[in-house]
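Working notes for the structure below.
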Amino acid sequence: EALRRAHVKALEPLREARHAIVSGAREPTAAEMDQAAAVAWPREEERIEEMAAAMEAELGGEEAVHKGVPGFWARVLSNTPLIREELREADEPALAALQDIKVEELEPRGSFALHFDFEPAENTAFKTRRLTKSFVMRADPGVPGGGAGGEFELARVPGSTLSLIH
């Protein structure tokens, strides 16, 4: 347990750096860019170049300037096989407004909460700034509902077609 907690603590600066870069609070350093380029998949590089060209064309030939990494979490979730299977077109407005995902450890051991933070100004699906889903591990996995708990509280925007699947 102590080793796991030390590992989680050691990763915190990386999570903070990712959030700062993705949100546009700071630009990545040259060393971070080199490190990312070393692990980037070739097809991802092509997609990035295509996106940059599309943004430049949209700006009438001017260099595309933006803050942070637009759509970062939408791409992460869309590229995660188990999540991708559940995504629908109606989810796109909420995903576009998703700014950060944070994990909070809970008790008992192995339990956690996922906090989904949204940019209210960009969110056309609902007004809620943060959605939280808690997963509580139970000693007896045979207990109905064992492993998951908690409900989302959602203030919908009129006309939104977003639905929650538990």
Side-chain angles (χ1 to χ4, degrees), residues 7-105 112-135 148 150-157 159-166:
H7 178 71
V8 168
K9 187 175 181 175
L11 290 177
E12 190 57 33
L14 294 174
R15 287 188 193 98
E16 290 172 3
R18 177 192 63 209
H19 176 71
I21 292 168
V22 168
S23 69
R26 75 169 180 87
E27 291 293 317
T29 65
E32 289 168 334
M33 294 292 285
D34 290 343
Q35 187 177 23
V39 297
W41 297 345
R43 69 181 178 100
E44 193 65 24
E45 268 184 49
E46 291 171 16
R47 284 179 49 192
I48 291 169
E49 289 172 12
E50 289 170 6
M51 288 171 50
M55 289 175 73
E56 189 174 323
E58 197 174 296
L59 294 171
E62 296 177 24
E63 186 176 324
V65 178
H66 61 276
K67 201 173 177 187
V69 183
F72 174 81
W73 286 108
R75 282 194 302 274
V76 168
L77 295 174
S78 297
N79 288 321
T80 303
L82 287 173
I83 295 172
R84 179 178 50 233
E85 293 173 8
E86 300 297 327
L87 295 177
R88 300 174 300 118
E89 189 175 323
D91 299 325
E92 289 175 11
L95 287 175
L98 183 57
Q99 297 294 303
D100 200 13
I101 300 174
K102 296 177 181 164
V103 179
E104 175 188 6
E105 290 189 34
F112 62 96
L114 293 175
H115 302 287
F116 299 87
D117 292 332
F118 296 87
E119 176 56 50
E122 296 175 17
N123 192 348
T124 61
F126 52 87
K127 299 174 186 173
T128 309
R129 169 82 171 110
R130 173 177 269 189
L131 296 178
T132 298
K133 178 67 176 177
S134 299
F135 297 87
E151 294 291 323
F152 285 117
E153 188 172 311
L154 188 65
R156 294 183 191 280
V157 169
S160 172
T161 59
L162 183 76
S163 62
L164 295 177
I165 300 171
H166 294 280

Exercise: identify the closest heavy-atom pair between Ala10 and Pro13: O-CD, 3.3 Å
I need the minimum non-hydrogen distance between Pro70 and Gly68, along with the two atoms involved. CD-O, 3.5 Å
At what distance, to the nearest 0.5 angstrom, does OG of Ser134 lie from NE2 of His115? 7.0 Å
Please find the pair of heavy atoms, one from Ala17 and one from Arg26, that lie closest to each other, and give the distance. CB-NH2, 3.4 Å
Do you know the tightest heavy-atom contact between Met33 and Pro28? SD-CG, 3.5 Å
Heavy-atom side-chain proximity of Glu104 to Thr132 below 4.5 angstrom: no
Can you find a pair of side-chain heavy atoms, one from Ile21 and one from Glu32, that are under 4.5 Å apart? yes
Any Arg84 side-chain heavy atom under 4.5 Å of Leu77 side chain: no
Residues 94-102, side-chain donor-acceptor partners within the protein, below 3.5 Å, at least two apart:
residue, atom, partner, partner atom, Å
Asp100, OD2, His19, ND1, 3.0

Decide, yes or no, whether a salt bridge links Glu12 with Lys9 under the criterion of side-chain N to carboxylate O below 4.0 Å. no
Tell me every residue that passes ring-ring contact (aromatic ring centres under 6.0 Å, His included) with Phe118, counting only those two or more places apart in sequence or in another chain. Phe126
Distance check, rounded to the nearest 0.5 Å: Thr128 atom OG1 versus Phe116 atom CZ? 13.5 Å
